Amino acid sequence: MKKHVGIEALAIAVPRRYVDIEDLARARGVDPAKYTSGLGAKEMAVADPGEDSVALAATAAARLLRNNDVDPARLGMLVVGTETGVDHSKPVASHVQGLLKLPRTMRVFDSQHACYGGTAGLMAATEWIASGAAAGRSALIICSDIARYGLNTAGEPTQGAGAVAMLVSEQPELLALDVGLNGACSMDVYDFWRPLGRREAVVDGHYSIQCYLEALSGAYRGWRERALAHEVVRWGSTLPGEQLARILYHVPFCKMARKAHTQLRLCDLEDAPTAATSTPVAREEQARSSSSYEAQVASSLGLNARIGNVYTASLYLALAGLLHGEGAALSGQRLGLLSYGSGCSSEFFSGVVGDKAAQRMARADVEGVLARRERVSVQEYERVMQLPYESPEPTPPAAGSFRLAEIHEHRRRYVEGA
Ligand code: HMG
């Protein structure tokens, strides 16, 4: 079993338009503080029909391979995690394979379980490489989604769109995963779903938050049990969760990461050998500690606040945001990561930041990617949201980006910007 496996490099792609969240609040007659402070949002990506999950996935993957000089012959697996694919049968991954002219010798498939689908792909790739079955080959894992709840819904300010592509290999220069320490928790619940044929998700918003927190508790406790057994963390003067340099959460909206962190701390405080000496109220108060949230979580949320929910990609946007800002400072330190997908399935895992994380993130040019976006009015956002998704606007794609050009006889044609 190979132990040194994980993420070598990553790249992101976002739609070319975004709306300022305060503009949206004012247009909806809502106090902007509800969206900015209540939900933690700043901006929200707006995808037009030409920027579907294939176009975003192909753009992120092309950027990853180009910016890191990756020889496609290295690749033996391509998985796209998505819950907003474009066909009931043909996967987004095979479109990406064709658009990027990737080898025919790869294992190629999509992975779907709401926002958890990308993590399922990442784990399949990691364990494939760790087992030795990959025989030195690498995997391309892409998370690509468009989060849509519709105009004037409670979920509207938590929409977003984008993709994160990751190269998984035996040279984990960004993040070496702790193979085998994962904790999982899944339940059959109706918290968020999208019936066949519908463009917008159906969601029981407040219940979905409860499901997320319950699943987190199970997944974290599973990871902690293994991490304690392997002496990666220990009960001592600090809690096991406090021994992780940073903790990254699935981020449907930024405030959710704060709620998640409180819940994780509560798990530790309730289970600590010293728990009997404190009251439930005192533990709740300690769990809510702002200093712990500021130290372990806040710095990972920069990209999520500016893009919104990207379903499968949200956790990996947090990883990109964190390592973009702190890649050098965190070198050699351990991160915890919590993936959650409604329905529901969650997994807590961990990894150690590589010593070339800062250089790898510089190649991702995340600031440049965001700076090339255009801020649009709420009126323009509403127009884009109502465009029929079979007829993309005839806009030329930006250099290096892909766009859906047309759908003819149920076949989709994409173009790449020169
Ligand atoms: P809502 O009911 O409109 O909002 O929808 P609210 O009344 O709960 O208010 C939100 C927060 O703003 C509250 O803070 C308020 O106090 C605060 P909290 O008590 O939660 O800390 N607030 C204010 N703050 C400052 N100034 C003010 C003000 N007014 C209120 N004036 C909800 C919120 C999240 C439910 C909604 O946006 C929604 O349904 N979103 C979509 C579902 C979702 O994101 N669920 C998250 C967990 S499930 C998940 O993560 C999976 C998912 O990504 C899908 C997948 O897996 O594929 C969604």
Side-chain angles (χ1 to χ4, degrees), residues 21-22 24-26 28-42 44-45 53 81-85 110-121 143-162 164 185-195 198-217 219 248-263 284 287-288 290 293 301 304-305 307-318 337-347:
I21 211 74
E22 295 196 34
L24 181 63
R26 279 188 285 270
R28 297 290 174 259
V30 171
D31 177 357
K34 175 174 177 184
Y35 291 178
T36 54
S37 144
L39 297 173
K42 286 188 179 139
M44 187 177 90
S53 53
T82 185
E83 57 177 295
T84 50
D110 279 3
S111 161
Q112 188 196 326
H113 186 142
C115 300
Y116 173 74
T119 300
C143 304
S144 181
D145 268 309
I146 293 155
R148 276 178 76 102
Y149 296 94
L151 304 179
N152 289 297
T153 60
E156 184 179 28
T158 68
Q159 299 175 129
V164 176
C185 181
S186 50
M187 307 175 278
D188 177 11
V189 290
Y190 266 104
D191 62 331
F192 163 106
W193 64 106
R194 191 163 63 89
R198 279 187 63 135
R199 243 177 131 181
E200 277 88 22
V202 185
V203 61
D204 187 344
H206 293 277
Y207 176 57
S208 73
I209 294 174
Q210 281 175 34
C211 292
Y212 178 128
L213 297 178
E214 194 177 332
L216 175 157
S217 304
L248 306 168
Y249 296 96
H250 166 58
V251 191
F253 53 93
C254 290
K255 182 76 160 294
M256 188 69 221
R258 184 186 271 268
K259 292 178 194 287
H261 192 59
T262 300
Q263 183 68 23
E284 285 258 358
R288 244 180 257 121
S290 279
Y293 169 79
L301 299 175
N304 302 84
I307 296 169
N309 194 356
V310 191
Y311 293 159
T312 50
S314 291
L315 172 63
Y316 303 101
L317 266 187
L337 298 92
L338 184 274
S339 178
Y340 176 78
S342 283
C344 70
S345 184
S346 72
E347 190 152 337

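Each ligand, and each atom within it, is numbered from 1 in the order the structure gives. The structure displayed is predicted, hence computed values, not measured ones.
Counting the atoms of ligand 1 from 1 in the order shown, those under 4.0 Å from a heavy atom of Tyr149 are 41 (C), 42 (C), 58 (C). Every atom of ligand 1 is numbered from 1 in the order shown, and the set under 4.0 Å from a heavy atom of Gly155 is 37 (O), 38 (C), 40 (N). Taking every heavy atom of Ala33 and a limit of under 4.0 angstrom, the matching atoms of ligand 1 come to 24 (N), 25 (C), 26 (N). Every atom of ligand 1 with a heavy atom of Phe192 under 4.0 Å away is listed here by number and element: 54 (C), 55 (C), 57 (O), 58 (C). Taking every heavy atom of Ala114 and a limit of under 4.0 angstrom, the matching atoms of ligand 1 come to 55 (C), 56 (O), 57 (O). Interface atoms of ligand 1 facing Glu83, defined by a heavy-atom separation under 4.0 Å, are 55 (C), 57 (O).
Taking only nitrogen or oxygen atoms, main chain and side chain alike, Gly341 does not reach within less than 3.5 Å of ligand 1. The N/O atoms of His206, backbone and side chain alike, include one that comes under 3.5 Å of an N/O atom in ligand 1. Between Ser208 and ligand 1, an N or O atom pair is found at a separation short of 3.5 Å. Where the criterion is an N or O separation shorter than 3.5 Å, residue side chain and backbone included, Ser37 fails it with respect to ligand 1. Taking distance alone, with nitrogen or oxygen atoms compared against 3.5 Å, Ala154 approaches ligand 1 more closely than that limit. Below 3.5 Å of separation, one finds an N or O of Lys34 facing an N or O of ligand 1. By the 3.5 Å distance cut-off applied to N or O atoms, Asp191 is not counted among the residues near ligand 1.
The shortest distance between side-chain heavy atoms of Leu216 and Ser346 does not fall below 4.5 Å.
Between Glu156 and Arg28 there is a salt bridge, since at least one side-chain N of the basic residue sits less than 4.0 Å from a carboxylate O of the acidic one.
Smallest separation of non-hydrogen atoms from Gly118 and Cys143: CA-SG, 3.7 Å. In terms of heavy atoms, Thr312 sits closest to Ala114 at CG2-O, 3.4 Å.
Asp145 places no side-chain N or O within 3.5 Å of a backbone atom of Ala313 that could act as its donor or acceptor partner. Thr158 places no side-chain N or O within 3.5 Å of a backbone atom of Phe253 that could act as its donor or acceptor partner. Judged by distance alone, the side chain of Ser144 and the main-chain N or O of Ser53 form a donor-acceptor pair under 3.5 Å.
Atom CD of Glu214 sits in a sparse spot, with 12 or fewer heavy atoms from other residues, nucleotides or ligands closer than 6.0 Å.
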*side chain to side chain donor-acceptor pair (under 3.5 Å) evaluation trace for Gln263 with Ser217*: CA-CA 7 Å; Gln263 183 68 23; Ser217 304; 2.9 Å; yes

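Taking 4.0 Å as the cut-off, Arg258 does not count as a neighbour of ligand 1 on heavy-atom distance.
For atom 13 (C) of ligand 1, the closest heavy atom belonging to the protein is Gly38 O, 4.4 Å. The nearest protein atom to atom 51 (C) of ligand 1, hydrogens excluded, is given as Ser342 OG, 3.2 Å; this is a heavy-atom distance. The protein heavy-atom contact nearest to atom 39 (O) of ligand 1 is Gly205 CA, 3.4 Å. Nearest to atom 50 (O) of ligand 1 among the protein's heavy atoms is Pro252 CG, 3.1 Å. Protein heavy atom in closest approach to atom 14 (O) of ligand 1: Lys255 NZ, 3.4 Å. Scanning the protein heavy atoms around atom 19 (O) of ligand 1, the nearest turns out to be Lys259 NZ, 4.2 Å. Shortest contact from atom 40 (N) of ligand 1 to any protein heavy atom: Thr158 OG1, 3.5 Å. Nearest protein heavy-atom contact of atom 52 (C) of ligand 1 is Cys115 SG, 3.6 Å.
For atom 28 (C) of ligand 1, a protein heavy-atom neighbour is found at a distance under 4.0 Å. Distance check for atom 16 (O) of ligand 1: every protein heavy atom is found at 4.0 Å or beyond. Put simply, atom 32 (C) of ligand 1 has no protein non-hydrogen atoms near it, under 4.0 Å away.
Screening Val164, Val251, Leu248 for a side-chain contact (heavy atoms from CB on, under 4.5 Å) involving Leu315 leaves a single residue, Leu248.
Evaluated by nearest non-hydrogen atom to atom 42 (C) of ligand 1, the leading choice among Val203, Leu213, Val30, Asn309 is Val203.
Counting heavy atoms under 4.0 Å from ligand 1, residue Phe253 touches it through the side chain alone.
Here the OH-CE distance, from Tyr340 to Met256, works out to 8.5 Å after rounding to the nearest 0.5 Å.
Ring-centre distance between Tyr249 and Tyr212: not below the 6.0 Å cut-off.
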